[in-house]
Number of protein chains: 4
Amino acid sequence: MISFASDNYASALPEVLSALTEANVGHAKAYGDDPITAEAIALIQKELNTTAPVYFVATGTAANTLTLKTMVKDFESIICADSAHINIQEAGAPAHLTGSKIQTTPNIEGKLTPEGIRQLYTGETFWGRHSTLPRAVSIAQTTEFGTVYTLDELAAIRTVCDELNLYLHIDGARLFNAAAALNCSLADIAQYADILCLGGTKAGLMFGEAIIFINHTLGKNFDRRQKLGLQLMSKTRYVSAQFKALMADGLGLKAAAHANALAQRLWKGLEDSGLATAAFPIESNQLFVQLPEKVIAPLQEAYPFYTFDPGQNLVRLITSHDNTEEDVDNLLELFNTLTNQ
Amino acid sequence: MISFASDNYASALPEVLSALTEANVGHAKAYGDDPITAEAIALIQKELNTTAPVYFVATGTAANTLTLKTMVKDFESIICADSAHINIQEAGAPAHLTGSKIQTTPNIEGKLTPEGIRQLYTGETFWGRHSTLPRAVSIAQTTEFGTVYTLDELAAIRTVCDELNLYLHIDGARLFNAAAALNCSLADIAQYADILCLGGTKAGLMFGEAIIFINHTLGKNFDRRQKLGLQLMSKTRYVSAQFKALMADGLGLKAAAHANALAQRLWKGLEDSGLATAAFPIESNQLFVQLPEKVIAPLQEAYPFYTFDPGQNLVRLITSHDNTEEDVDNLLELFNTLTNQ
Amino acid sequence: MISFASDNYASALPEVLSALTEANVGHAKAYGDDPITAEAIALIQKELNTTAPVYFVATGTAANTLTLKTMVKDFESIICADSAHINIQEAGAPAHLTGSKIQTTPNIEGKLTPEGIRQLYTGETFWGRHSTLPRAVSIAQTTEFGTVYTLDELAAIRTVCDELNLYLHIDGARLFNAAAALNCSLADIAQYADILCLGGTKAGLMFGEAIIFINHTLGKNFDRRQKLGLQLMSKTRYVSAQFKALMADGLGLKAAAHANALAQRLWKGLEDSGLATAAFPIESNQLFVQLPEKVIAPLQEAYPFYTFDPGQNLVRLITSHDNTEEDVDNLLELFNTLTNQ
Amino acid sequence: MISFASDNYASALPEVLSALTEANVGHAKAYGDDPITAEAIALIQKELNTTAPVYFVATGTAANTLTLKTMVKDFESIICADSAHINIQEAGAPAHLTGSKIQTTPNIEGKLTPEGIRQLYTGETFWGRHSTLPRAVSIAQTTEFGTVYTLDELAAIRTVCDELNLYLHIDGARLFNAAAALNCSLADIAQYADILCLGGTKAGLMFGEAIIFINHTLGKNFDRRQKLGLQLMSKTRYVSAQFKALMADGLGLKAAAHANALAQRLWKGLEDSGLATAAFPIESNQLFVQLPEKVIAPLQEAYPFYTFDPGQNLVRLITSHDNTEEDVDNLLELFNTLTNQ
C-alpha cells in the first residue's frame, strides 16, 4: 500500500532491518545490560550533547506517560494545549497513570504560548488546596498540526517554566522532522527540556521511543518505574539496535528531511491548483488542508489518508520516509484529474 | 555469548527474522488493522481451537497486568502462589495497576493447589466488607520453578474456581515448554483458562506476547485498555509477523521441545556426577540445582547463569531454543573438570 | 462571627445537636448496622419516593468521587460543565480516584446543556480507542453559580443521557436550596438521576452527605467501595442521627427556604441601590454580584465573604440557615453607608 | 446496648458532647482555619512535645492510608506484620491508594520484629528493579491482638529503620490504651515515629483521627493530599472540638486507663474460673480468649462480642471507656452461671 495516512503506516528503514539481523547473534544480557544498548545510548547522548540517562520504551504514549509521572505528584497538574496528543489521543493514559489533572488552554496553531501557561497557572492556583498545583508543562515538537516551535519560542516557554517552577516535557514523536525543519541539531531543541521523548517509530523504526532525562534528577529510579510501567523489554537489544542505526550517520535527520521535502512538494502542487487551503502553516511532514469535497473520497481510495473535519472537508496528509517524489506526483496527478472532471 | 541464564538472553529464531523482512514492504494500516495481524490471530485461534479475541502486547508483565485488570474491580482481589511472577518479579505492577490486593499462599513445588485457593478465599471473606473479595486466580504454566501442572491438576483448579466464582488466569510465558512437556496441544491447556497469556519472547521472538480471551466477555473493550495500558503498538504488523512465524508449522512447539530436551540432557549429566541435587522436578527447560560451591563461580564465568540462594549453592540453569547439545556437553565437561580438581 | 462567606461557615441546626445528644446512649452496632441509621435511611427513601440503597459519607468531594467511580471504568470518561465543582474545586479527586478523564464544555450560567453534552460526546468518540468513551454526565443542582435547573431542563438532560447511554450524576450539595427554589419535592429532582448526592453539611449538619443509588445496580457492593474509599465511619450512628433530624418534619427544606429568602432580600436591597450588578440570575442562596470597588474591603471586614474576580469587583455572597433578616439588613445598611461616603 | 464487641460500639464521652455544643455558635472559617482547630492542634503538639504539623481526618483507614502515601513512591513498598490492620481489615485501601506493595511477615504475638523487617527487606531487594524497594515500616500500637510494644522494642525497630532507610509509621488507633498500659506519655511513644496516627474514635470521640507528622518533611503539602484523599472536612471545628476535649486534662489517657483496668478485671474473673485460656498476653483493652464452647452463644446474646476462630472457640472481648465494673461483673456472673450448668 502507498498511503499518506501516517508515518505509522510507513515501513521500517532498510538500515533498521540490517541492524536487527546484525544484533541477532548468540545470547546477550537482558533488560538493557547488553553492549548494543550501551552503544545506542552513547550515540543518543552524543547527538544531544548530554550525559543524561536514556531509556527505551515501546510506544509514544508510554514515553509521554511514564516521564510525566516522574514530574508530578498526585496533587500536582500538567499544563498543555487543548490539541495535545497527551490530552486527546492517548486514551486518557497520561492522566490515568499519573493520577494528575491535565490543564488545557486553546492552542495557537497547535502551540502552547507563554501567556497560555501563565493564565492556566494563575487560574488554577487561585483555589489553593481545593485545586491542583501546576508542576509540568508538556509541548509537542512538531505539534499535532505539523507546526514547529522556533528556538526562540522554546526559549520563551522555558523562561516562563523557570519562573513558575514548572518542569518542561517535550513530546518529540516527530522531533527529527522538527530539527530538519529548523535546520538545527536535536541538541539545539533538547537543551530547553527537562525530559525529551525522542520518537523512533514515526522516524522509521519498527517500534521504539527513547526517553532522555536532560534533568538527571528526574531519571532517578526510572528503571523501577519502567518495569512498573510495563515497558522494561527483556530483549532490549532489539530496540537498541534500531536506535543505533537511526542515530548513526545522521540517518534519522536525513529521513525526516526527505519527508519534510515531500510535504512541501505536495503542498506546492495542491496550492498551485488554487483549490486547496492550508489550515495551518506547513512546516514539517503534515499537511492539514481543505480540499474540494468531490475529490476526497476517490483520492482516499487510491492513497489512504485521514479526514479530520468532514463538514469542513479538512483532511490530513502525512509524508513518510518511504514515500517518494513519484508517490507525491501520482497523488497530485489524480487530484488534478479529479478536480477537472 | 553462550549462556544458560535465561530464555531472555536468547536470540530470535531465524524464521522470525525472515518474517520481519517479509513484513517490511510498503505501508500498512496501523494499530493492528493490517492483514498480517489478521493472519497471526487466525493461526493462534486455530491452534487454540477458539474464536476468542486475541491481542498483542510488548512484555509479559504487560500481558499479565492488563488481563488481570479485566478480571477484578478495585475491591476485589487476586489469588496466587507466593512464588508467582506477578507477586515477586513484576515490580508490583499487577497490584499497582489493577489497584487490587494480591493474596498469596505457600507454593507446592511452584504450584498453587485447590486447597490453597480455598483457604485463602475463606480467610479473606471472613472479614466481609472490611477485606477484599477474591475474584481471580492466577497460575503460571510452566511455574516459576520449571514444574508443569498436569491437565488433571488444571482441571481441579478450574473446578474450585467455578465453585467459588473465580476467574482463572494462566501466565503462559513458557506455555510452549509446558505443552511440549505434557505432549499436548496448546488448546488442551487453554481450555481451562478464562484468559491465557501466551509468551512469545521466551519462545524465540524478539519481543511480543499474545493475550487470548478464552472467556470472550472479559475481552470487551480491551482495545481501549490496551491503549490506556501503554501497549497499543502503532506498527503492530512487526509483532504479528513474529507470531505468525512462531505459530506456523508448529515452530514454537518444536523450539520448546528442543529446549526441554536439552534440559534433560543437562540434568542427566549433572545427576550422573552424583554431585548435584535438584530442588524441584525437572519437567521443562528450567533446572534449579544445588552444585558444589567451588564450581559455581568458574562455571558462571564461562556460561553465565543465575545464582538463587547463595547460602544454599542453589543455581538456576535455563536452556533456550538456540542452545545446542554441544553447548550442554561443553558445560558438563567443564563441570566435571572443575569437580575433579 | 456573622458572615456571608459560605454555608460551610455556618453552624449546625439546633435540632442536629439535639439528635446527637439523643443518639449518645450506650453501645450501638458499628458501620451502619445500628437502628438510627436504619431510621435515617427510611426517612430519606420516603422523601425521595424510592427504595434505593442509601449510604453516608463525610464530605461532598467523597460523595461525588466515590459515586462517579461506580459509573465509569478506567477507559471511560465523565462529562461536566467547565465550572463544575468536580472539575475545579475538588483538587482533582474525581479524576484521580476514578482514573477517568473529565471532559468539560463551557457552562451556560453554570449549567450544562443537552447540546454541550452531545458535542463533547461526538468530539471524544471521533478518535475511537485512541480517546475515551464518555459514560457519565455530572451536573450540580444548584449549580456553582447558584442557578437552578428547571425540571424541564433536567428532563431534557436525562433524555440525551438515555440516548447516548450515559449515566446521570447529580451533585446535590445544595439540593434542599434547589427544591425550595423550584417549590418541588426532592423526589421531583431525584427521579432524573442515576445517583444523587444529597448534601447535609451545607444544609445545616456538622458534617455528612448522603448517597442515593436511584439506579440500584450502581450501588452493588458499594459497602466495599465505601470502605476502600476511606468513608466507612465506624460510629455511623452519629452521622445518621444528624440526617434523621434534617429529614424529619421537612427541616432541611424549611432551612433552605429561609436561606433562599434571605438571598432575595439581600439582592433586593443591593439592586435598589442601583450600584450592584448580578452576574447570574439569583435563584437560590448564592449571589454573584459586582459591587463598587471601594465598598468591597470594608464590607468584607465586617461580614466576611469571598471575592471571585478581583479585577471585575465580582463577589460571592451566600446566605445560610443561621443568617437572619437582621444580618442581611445590617449588611445592607453598611453597604449604603459606604456607597454614600 | 451493653457490649464488649468493640470500642467502635461505644458512645462518645460526655465531655465530647459538651465540646460540640460549645463549638456550635455562629459562623467560623471552614477547612480548619478556625480558632478551635488551632487550639486542638496546640494541645496535641504540647502533649506530644513536638511542633509537628497536625491534621484531622474522619477514619482510621483514612489516617493510615493517606499518611503511608506520603512515605512511598509507586515503586516502593511497605513492610508490616501479616496481622496488621492495614493488611487485613482496611479492604485493601492502603495498597490501593498508595499503589504500593504491602510486604508481610508472620507476626510474633501481633508484633513486627527487627529480624522480620530485615528478612523482608533482604528478600525483596534481591530482585532489584524487578521487585519493589521497601521504604516504610508500619506497626500498630497497641497491636491487633491487644499486645503493646515496649519502649525498648520501639527503639529497636527505629534503629533497624534508620539502618535500612525506612520510614516508621505508627497506627495509633488505640494509642491512649498503649500509653496507659506502659504508664508513659504519648510523647514517649511518638518520638520513635516519622508519622503517628492518633486514634480519637476508639478513645471516645464520635469520630475523628489525628495525624501528626513527627518528621515534618513528610507533611509538606498534606493539605492538598487531605483534600485529594476525601478527608478535608469543611466544618472542621466539629472534629477539632472533640479532640480539644479529649486532650484537655488528660481525658483520653484516663478513659483508656479505665478501659485497660476493666480488661484486667475481666481477665482475672475468667482466669479464676480455670476455664479460659488467653491466646495473647492481656496488656491493654482487648482480650483474645478461648472459652468453653457451650457458653459462647448465650454470653454473646447477652453481651455482644466477636468470635474470631469458631473452630477454636476463640473470642475477642473489648472493654471501652463507657463500660463499667458492674458490666464486667455481670458478664462474669453470667459466665460462671453458664459454665456451672
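All values below were derived from every heavy atom in this structure, side-chain atoms included, with hydrogens, water molecules and symmetry-related copies excluded.
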Is [X] in contact with chain A via its backbone, its side chain, both, or neither, using a 4.5 Å heavy-atom distance?
| X | result |
| --- | --- |
| B:Leu66 | side chain |
| B:Ala10 | both |
| B:Thr65 | side chain |
| B:Leu97 | side chain |
| B:Glu209 | neither |
| B:Leu20 | both |
| B:Arg237 | side chain |
| B:Asp223 | neither |

Can you name the nearest heavy-atom pair linking [X] to [Y], along with the distance?
| X | Y | answer |
| --- | --- | --- |
| A:His96 | B:Lys69 | NE2-NZ, 3.2 Å |
| A:Ser11 | B:Gly26 | CB-O, 3.5 Å |
| A:Leu230 | B:Gln231 | O-NE2, 3.1 Å |
| A:Leu17 | B:Asn24 | CD2-ND2, 4.1 Å |

Considering the options B:Ser3, B:Pro304, B:Ser6, which one meets the side chain to side chain contact (heavy atoms under 4.5 Å, CB included) requirement together with A:His27?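 Per the side chain to side chain contact (heavy atoms under 4.5 Å, CB included) rule, the option paired with A:His27 is B:Ser3, out of B:Ser3, B:Pro304, B:Ser6.
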Modelled atom types, side-chain donor and acceptor of A:Tyr9 and B:Asp34, under 3.5 Å: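 Side chains of A:Tyr9 and B:Asp34: no pair found under 3.5 Å.
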Atom group of A:Thr59 that falls short of 4.5 Å from chain B, counting heavy atoms: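 For A:Thr59, side-chain heavy atoms alone lie under 4.5 Å from chain B.
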Using non-hydrogen atoms only, which part of A:Asp327 is less than 4.5 Å away from chain B: side chain, backbone, both, or neither?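 Nothing of A:Asp327, per the 4.5 Å heavy-atom cut-off to chain B.
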Could you check whether any side-chain heavy atom of B:Tyr31 comes within less than 4.5 Å of a side-chain heavy atom of A:Asn8, counting everything from C-beta outward?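 Yes. Closest side-chain heavy atoms under 4.5 Å.
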Under 3.5 Å donor-acceptor, A:Lys235 side chain and B:Thr201 backbone: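 Looks like yes, one N/O pair under 3.5 Å.
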Verify, without hydrogens or angle tests, whether B:Lys227 (side chain) and A:Gln89 (backbone) share a donor-acceptor contact under 3.5 angstrom.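 Side chain of B:Lys227 to backbone of A:Gln89: a pair is present.
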Among B:Gly229, B:Pro14, B:Ala91, B:Gly60, single out the residue with the greatest number of heavy-atom pairs under 4.5 Å to chain A.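 The option with the most such pairs is B:Ala91.
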Name the option with the most non-hydrogen atom pairs under 4.5 Å to chain A; the candidates are B:Ala30, B:Ala23, B:Ala5.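 Result: the option with the highest number of such pairs is B:Ala30.
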Nearest-0.5 Å distance that lies between atom OG1 in A:Thr236 and atom CE in B:Met206: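 Spacing of OG1 (A:Thr236) from CE (B:Met206) equals 13.5 Å.
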If you measure from CD on A:Glu90 to CG on B:Leu228, what distance do you get to the nearest 0.5 Å?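 The CG atom of B:Leu228 is 10.5 Å from CD of A:Glu90, to the nearest 0.5 Å.
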Set of residues satisfying side chain to side chain donor-acceptor pair (under 3.5 Å) with respect to B:Arg224, sequence neighbours excluded: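 By the side chain to side chain donor-acceptor pair (under 3.5 Å) rule, B:Arg224 matches no residue at all.
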